[in-house]
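Shown next, in structure tokens, is the structure this report addresses.
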Amino acid sequence: EVCCTTYKTETETCYRDHCYTVCKPVVEKKCINVCCGEWKTVSETIPGPCMNQCVCDPGTWEYDPCTCCCVYKPGCCRTVQVQCPPTVCCRKVWCPKVVQQEVCCTRYETEVKHCSVPYTVCRQVPCTTTKQVPYTVCEMVKECRTKQVPYTTCTYVQECRTKCVPYTVCEWKEECITKKVPYTTCEMVSSVCKKRVPYTTCSYVQETKTRRVPYTTCRQVCETRYKTVTNCVPRQVSVTKTRCVPRVVCKQVPVTCCCPAPAPTCAAPQPTCAAPQPACN
């Protein structure tokens, strides 16, 4: 018999107080000062500029005894500063004034409210029960068995065999071969290139706008101008040159030689070096 513990779930509904905030609008009236004004035309008198004027004095008549007649001699010339007439200029002048204006303002007041929120509580309750569990017991029994296993044995027998193996001897001979190998060199050549690079300049233009309350704003006016900029750009010029490079090439030359005499055996007669053996390529 085995004791087992199980759990069962029990639920319970509870309530809790929940606070939340509500915003309530409140409208109020208040007076504010508004800056306004009007344009008035004002006349100004600008005096004229001073200019230099040449004035000649009145001349005189004089008797000339050589010609026995009167000769007119003009008077002296002098420079006098004369003022030009004045200029009347009209311009507009802004006359500001402050006016009180009634404005409605809305503000929000916060109010705290309460409400009950239900929630569920779950808990586990243990329960103990008894049950019967079957089990198995195993015992080990010894048993002797016999079987025949075939196997293989190997023995080594010595055997002597002979064969002729041709071989080749190579000698190195030096040979000089010359060939022309083209190669390329690069030189930096400075060249002057001119190009037109656009650039943008910005200037400020004052602009006046009018509404209930006039005010002055500034805006940017973009103007594009061009100027010539000299830029030195290096470039690569390919120059092809040819030079002779000596090269040493080694090649293999077959050489005929006699094979060494093998050890005498009973199967074949002993060879001699009377006849040369063919070379293997």
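Computation of the quantities below employed the complete heavy-atom set of this structure, encompassing side-chain atoms and omitting hydrogens, waters and symmetry-equivalent molecules.
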I'd like to check K24 versus V22 (side-chain heavy atoms, cut-off strictly below 4.5 Å). Are they in contact?
no

With rounding to the nearest 0.5 angstrom, report the NZ to SG distance, K97 to C35.
12.0 Å

In this structure, would V103 and V34 fall into the same cluster of hydrophobic residues linked by side-chain contacts under 4.5 Å?
yes

Begin with the C-alpha distance, continue with both residues' side-chain angles, and end with the deciding distance and a verdict on side-chain contact (heavy atoms from CB on, under 4.5 Å) for M51 and V82.
CA-CA 5 Å; M51 301 179 60; V82 179; 5.6 Å; no

Just wondering, do V80 and R78 contact through their side chains at under 4.5 Å, heavy atoms?
yes

Using 0.5 Å steps for rounding, measure from the SG atom of C70 to the OH atom of Y72.
13.0 Å

Is the side chain of Y119 donor-acceptor paired with the backbone N or O of R16 at a distance under 3.5 Å, no angle test?
no

Where is the tightest heavy-atom contact between Y20 and C115, given as atom of each residue plus distance?
CE2-SG, 4.0 Å

Contact between V71 and E62 at the side-chain level, heavy atoms closer than 4.5 Å - yes or no?
no

Could you measure the distance from the NZ atom of K29 to the SG atom of C105? Nearest 0.5 Å is fine.
11.5 Å

Quick one: SG on C68 to OH on Y63, what's the gap to the nearest 0.5 Å?
4.0 Å

Is there a donor-acceptor contact under 3.5 Å linking the side chains of T21 and E111?
no

Output the distance between atom OG1 (T6) and atom CD (Q124), rounded to the nearest 0.5 Å.
10.0 Å

For Y15 and P118 the tightest heavy-atom approach is CE2-CB, 3.4 Å

How many angstroms lie between atom SG of C104 and atom NZ of K30, to the nearest 0.5 angstrom?
11.0 Å

Shortest non-hydrogen contact from P25 toward C23
CD-O, 4.1 Å

